[in-house]
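Side chains included, hydrogens not; waters and symmetry mates left out as well; all remaining heavy atoms used.
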Amino acid sequence: MDSIARKKVFDFLKKHNIVFECYEHPAAATVEEALRHSENMCDATHCKNLFLRNRKGTLHFLVIMEWSKKLDIHRLGEIIGEGHLSFASPDRMMKYLGVTPGSVSLFGVINDIDNDVLLIIDSELDSAPKLSFHPNDNTATLVIDNVGFHNFLKYCGNKHKFITIDDH
């Protein structure tokens, strides 16, 4: 049975004609855990999603990158012109993305009605043939193709930037 959060993602994708594949698995709070169950979706680029805020808590960022990369949060702050970034609290995560820790995903921005969250996306994902994300529920993974990814970015309404995220 689909969760309410997952159904909302499915409905949004169907409304905008974004084709997806859904792979159910046991609850997985990290990409590493989900990969243990990913034999059928091995050709997708699996994405890590990190929800951050600025020092004052007035700006929020969803950072999306290939799962194995390590984020230098201080370097990212310099790149985007925000001196100090930190991880947002579970309360902020729920308020802006409608998700709990372990379920953060690109698809959370469909709950960001005011489009407050800025998407910071690793430029390597710009041309990835297929990408995978939780459907705001960590008991499944959705795979969308590159066209669907870019259409989602267009239809969600949130501002987004592609930047180079080095993991060294």
task = May I ask you to check whether Thr139 and Arg6 show a side-chain donor-acceptor distance below 3.5 Å?
result = yes
Within-4.5 Å side-chain heavy-atom neighbours: Asn138 and Ser103 = yes
inquiry  = A side-chain contact here means heavy atoms from C-beta on lying under 4.5 Å apart; do Asn111 and Leu97 qualify?
reply    = no
ask   = Any sub-3.5 Å donor-acceptor pair from His84's side-chain atoms to Lys56's backbone N or O?
value = no
query = If we only count heavy atoms from C-beta on, is the Val104 to Met93 side-chain gap below 4.5 Å?
reply = yes
query = Of the non-hydrogen atoms in Leu106 and Asn49, which two are nearest, and what is the gap between them?
reply = N-OD1, 3.4 Å
note = Taken to the nearest 0.5 Å, the spacing of Phe10 CZ from Asn136 CG works out to 10.5 Å
message = Test your reading of the model: is there a side-chain donor-acceptor pair from Lys48 to the backbone of Lys69, 3.5 Å cut-off?
response = yes
request  = Check the hydrophobic clustering (I, L, V, M, F, W, Y; side-chain heavy atoms under 4.5 Å; chains of links allowed) and say if Met65 and Phe87 are grouped together.
outcome  = yes
key: Gap separating the CG atom of Leu76 from the CG atom of Asp122, nearest 0.5 angstrom   = 10.5 Å
ask   = Is there a donor-acceptor pair closer than 3.5 Å between any side-chain N or O of Asp137 and the backbone N or O of Ala5?
value = no
request  = State, with a plain yes or no, whether a side-chain heavy atom of Leu59 is found less than 4.5 Å away from one of Leu118.
outcome  = no
request  = To the nearest 0.5 angstrom, please state how far the CZ atom of Phe20 sits from the CZ atom of Phe152.
outcome  = 12.0 Å
Side-chain heavy-atom pair Cys47, Leu125 within 4.5 angstrom cut-off = yes
inquiry  = Quick one, Ser132 and Tyr23 - any side-chain contact, counting heavy atoms below 4.5 Å?
reply    = no
message = To check you understand the geometry: which heavy-atom pair defines the closest contact between Ser105 and Leu62, and what is its length?
response = O-CD2, 3.5 Å
message = Looking at Asn146 and Ala128, would you say the former's side chain and the latter's main chain have a donor-acceptor pair under 3.5 Å?
response = yes
request  = Look at the side chain of Arg75 and the backbone N and O of Gly77, then say whether any donor-acceptor pair between them is shorter than 3.5 Å.
outcome  = no
task = Check the surroundings of atom NE2 in His74: do more than 12 heavy atoms from other residues, nucleotides or ligands lie under 6.0 Å from it?
result = no
query = Any side-chain heavy atom of His60 sitting closer than 4.5 Å to one from Asp116?
reply = no
message = Can you tell whether the side chains of Asp11 and Lys7 come within less than 4.0 Å, N to carboxylate O?
response = yes
query = Any idea how Phe12 and His16 line up, ring-wise: parallel (<30°), tilted (30 to 60°), or perpendicular (>60°)?
reply = tilted
task = Return the orientation label for the His25 and His134 ring planes: parallel under 30°, perpendicular over 60°, tilted otherwise.
result = tilted
query = Taking the side chain as C-beta and beyond, is there a heavy-atom pair between Thr45 and Phe149 under 4.5 Å?
reply = no
Val117 backbone acceptor or donor facing Asp112 side chain under 3.5 Å = yes
request  = Specify whether Phe51 and Tyr96 have parallel, tilted or perpendicular ring planes, treating 30° as the upper limit for parallel and 60° as the lower limit for perpendicular.
outcome  = tilted
Hphob cluster co-occupancy, Val143 + Val147, side-chain heavy atoms under 4.5 angstrom = no
ask   = Does Ile79 share a hydrophobic cluster with Ile120, counting links as ILVMFWY side-chain heavy atoms below 4.5 Å and allowing steps through other members?
value = yes
